[in-house]
Novice: 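Before I ask anything, let me first share the structure, which is written out below as structure tokens.
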Amino acid sequence: MIHQTLKCFPKDFLWGAASAAYQVEGAWDKDGKGMSNWDQFVRIPGKTYKGTTGDMAVDHYHRYQEDVKLMAEMGLKAYRFSVAWTRVFPNGRGEINEKGMEFYDHLINELIKNGIEPILTLYHWDLPQSLQEEYGGWESRRIIEDFTNYSVELFKRFGDRVKYWVSLNEQNIFTSHGYLHATHPPGMKDEKLFYQVNHHANLANASVIKEFRKYVPNGKIGPSFAYSPAYAASSNPIDILAAENAEELNNHWWMDIYASGKYPKMAWSYLEEKGLTPIIEKGDFELLLEGMPDFMGVNYYQSTTFESNPLEGGIGAGKMNTTGEKGTSKDSGIPGLFKTIANPNVERTNWDWNIDPQGLRIALRRITSRYDLPVLISENGLGEYDQVDQGDVINDDYRIEYLRSHMIAIQEAISDGVDLFGYCVWSFTDLLSWLNGFQKRYGFVYVNQHEEGDHDLRRIKKKSFFWYKGVIDSNGEKL
Ligand code: BG6
């Protein structure tokens with residue numbers, strides 16, 4: 001649909017930016033914090049780009065006041081951050097580590113003092129290592145109780161000040177990297193376990209949402225899903241079917257359960273045929289229905305294009321580009337279902353991520369049609385190299401262009417009828433990219449941190465910082 005005029009962004013729209021504890025905080029062993037699965041994983045040689053860790057990250061733990069000051073200067077309306085479970089419960093459960101709670105208390109107060117709405121993510125991938133060792137973390141149903149207890153403590157402590165909450169960040173990504181590709185902790189390749197782990201995560205997600213209603217009755221909560229809408233490579237019906245397969249197995253598999261408590265039928269039959277269905281216990285579906293979210297959080301970076309993939313000799317695991325050398329990623333697929341293929345209609349970043357603003361509009365529309373839920377864009381942004389010119393100037397026009405085009409697509413989606421209440425750009429400051437080191441930068445604020453050597457971590461406002469300020473000031477009229 002081509003609109004003659006576009007609707008304005010809603011009044012009170014949450015113009016935001018996002019981050020995650022492990023990627024910004026540093027202070028990995030300070031003030032009683034326990035060891036997380038990531039603290040452990042990054043120490044395994046060869047797992048991250050040039051062996052980078054979040055030990056120091058961008059030292060937000062010690063510099064959060066400076067960072068919030070920059071947010072206030074920008075006029076940011078919302079800041080999405082995550083809590084490190086191991087700061088609050090060093091071993092995942094038991095005694096609360098008051099020092100850890102205090103850090104988030106101060107951060108939240110600082111945000112509110114500056115008129116910035118906190119959006120708190122309960123889980124952004126850093127699982128207490130002791131729970132991984134004790135019972136396999138997400139591999140056991142015991143995680144449901146521990147994750148719920150931890151979340152309830154946060155509800156009790158921050159529910160009076162934090163209205164917006166994200167339950168699980170990108171369950172599809174942390175489980176697939178952790179249990180299919182072995183690229184995230186616990187570094188396994190076990191398809192059957194992957195589906196079981198997901199079932200536990202679904203139950204844990206529902207359980208915290210159910211509890212949330214008791215403790216934060218006026219709050220809003222939802223998961224953040226990494227949604228890459230599936231396109232068909234051609235109008236050949238076998239490619240269309242491949243894209244449908246991908247949409248069902250890669251996207252509906254998660255979003256359906258969040259929004260309706262049911263697994264999609266085609267995906268379920270496929271898993272049954274393969275002997276991969278998770279074990280379901282009595283009461284599971286009742287719990288799932290009790291944990292319906294208030295919104296769907298969407299992390300959108302790119303669309304993915306699919307074509308058919310033969311059962312015999314079809315393509316399996318691919319390769320991610322984590323070096324920033326353009327063109328080094330390799331297509332992936334599931335034989336008999338689908339395989340990815342480059343989309344010749346869109347540009348790619350240096351890390352081979354498609355740049356596709358219309359894909360965001362398509363994603364928002366699909367969610368609205370299928371689930372009829374309000375949407376929060378909890379992440380969207382461009383990871384690129386940035387260059388610091390003389391006088392500490394960073395002209396990141398490519399980032400401005402990326403964000404502007406996505407904002408236009410958002411405005412089109414709003415005009416199409418999508419109920420969108422916020423947009424969090426990934427990220428506010430530069431931060432550690434899990435597998436790509438520090439050179440893949442996303443921030444409005446440059447941080448002088450690199451893979452090698454000691455650096456002063458100074459903050460430098462990029463050109464995009466001033467541009468986003470203008471967007472916020474005009475409530476999206478000046479894009
Ligand atoms: C999302 C995550 O997958 O994408 C973030 O929620 C992550 O934590 C972001 O950093 C960008 O991914 P990457 O791999 O470029 O850092």
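Both ligands and their constituent atoms are indexed starting at 1 by order of listing.
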Novice: Does ligand 1 have a heavy atom under 4.0 Å from the side chain of Ala20, from its backbone, from both, or from neither?
Specialist: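 Neither part.
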Novice: Which residue in the set Asp386, Asp396, Asn395 passes side-chain hydrogen bond (donor to acceptor under 3.5 Å, both in side chains) when paired with Ser464?
Specialist: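 Between Ser464 and the candidates, side-chain hydrogen bond (donor to acceptor under 3.5 Å, both in side chains) is satisfied uniquely by Asp396.
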Novice: Do any N or O atoms from the side chain of Ser36 and from the backbone of Asp126 form a donor-acceptor pair under 3.5 angstrom?
Specialist: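 Judged by distance alone, no pair lies under 3.5 Å.
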Novice: Could an N or O of ligand 1 be found under 3.5 Å from any N or O of Trp353, whether backbone or side chain?
Specialist: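 N/O-N/O distance under 3.5 Å: no.
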Novice: State whether a side-chain donor-acceptor pair under 3.5 Å links Ser427 with Ser19.
Specialist: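 Per modelled atom types, Ser427 and Ser19 side chains form no pair under 3.5 Å.
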Novice: Side chain, backbone, both or neither: which applies to Trp351 and ligand 1 if a contact is any heavy-atom pair less than 4.0 Å apart?
Specialist: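 Neither; nothing of Trp351 gets under 4.0 Å from ligand 1.
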Novice: For ligand 1, note which part of Leu435 has a heavy atom under 4.0 Å away: side chain, backbone, both or neither.
Specialist: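 It is neither part, as no heavy atom is under 4.0 Å.
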Novice: With only distance considered, is His124 within less than 3.5 Å of ligand 1 through an N or O on each side?
Specialist: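 Yes, since at least one N or O of His124 sits under 3.5 Å from an N or O of ligand 1.
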Novice: Could you point out which residue of Trp28, Tyr61, Trp85, Trp434 forms a ring-ring contact (aromatic ring centres under 6.0 Å, His included) with Tyr22?
Specialist: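 Of the listed options, the one satisfying the test is Trp434.
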Novice: Tell me if a side-chain donor or acceptor on Ser405 pairs with a main-chain N or O of Pro357 at a distance below 3.5 Å.
Specialist: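 Looks like no, no N/O pair under 3.5 Å.
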Novice: Answer yes or no on whether Lys469 is positioned over the face of Trp15, meaning its NZ or CZ is under 6.0 Å from the six-membered ring centre and within 45° of the axis.
Specialist: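 Here Lys469 fails the 6.0 Å and 45° test against Trp15.
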Novice: Specify side chain, backbone, both or neither for Asn436, according to which of its non-hydrogen atoms lie closer than 4.0 Å to ligand 1.
Specialist: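 Looking at Asn436 and ligand 1, just side chain atoms fall under 4.0 Å.
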Novice: Taking the non-hydrogen atoms of Asn169, is any one of them nearer than 4.0 angstrom to ligand 1?
Specialist: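 The answer is yes: ligand 1 sits under 4.0 Å from a heavy atom of Asn169.
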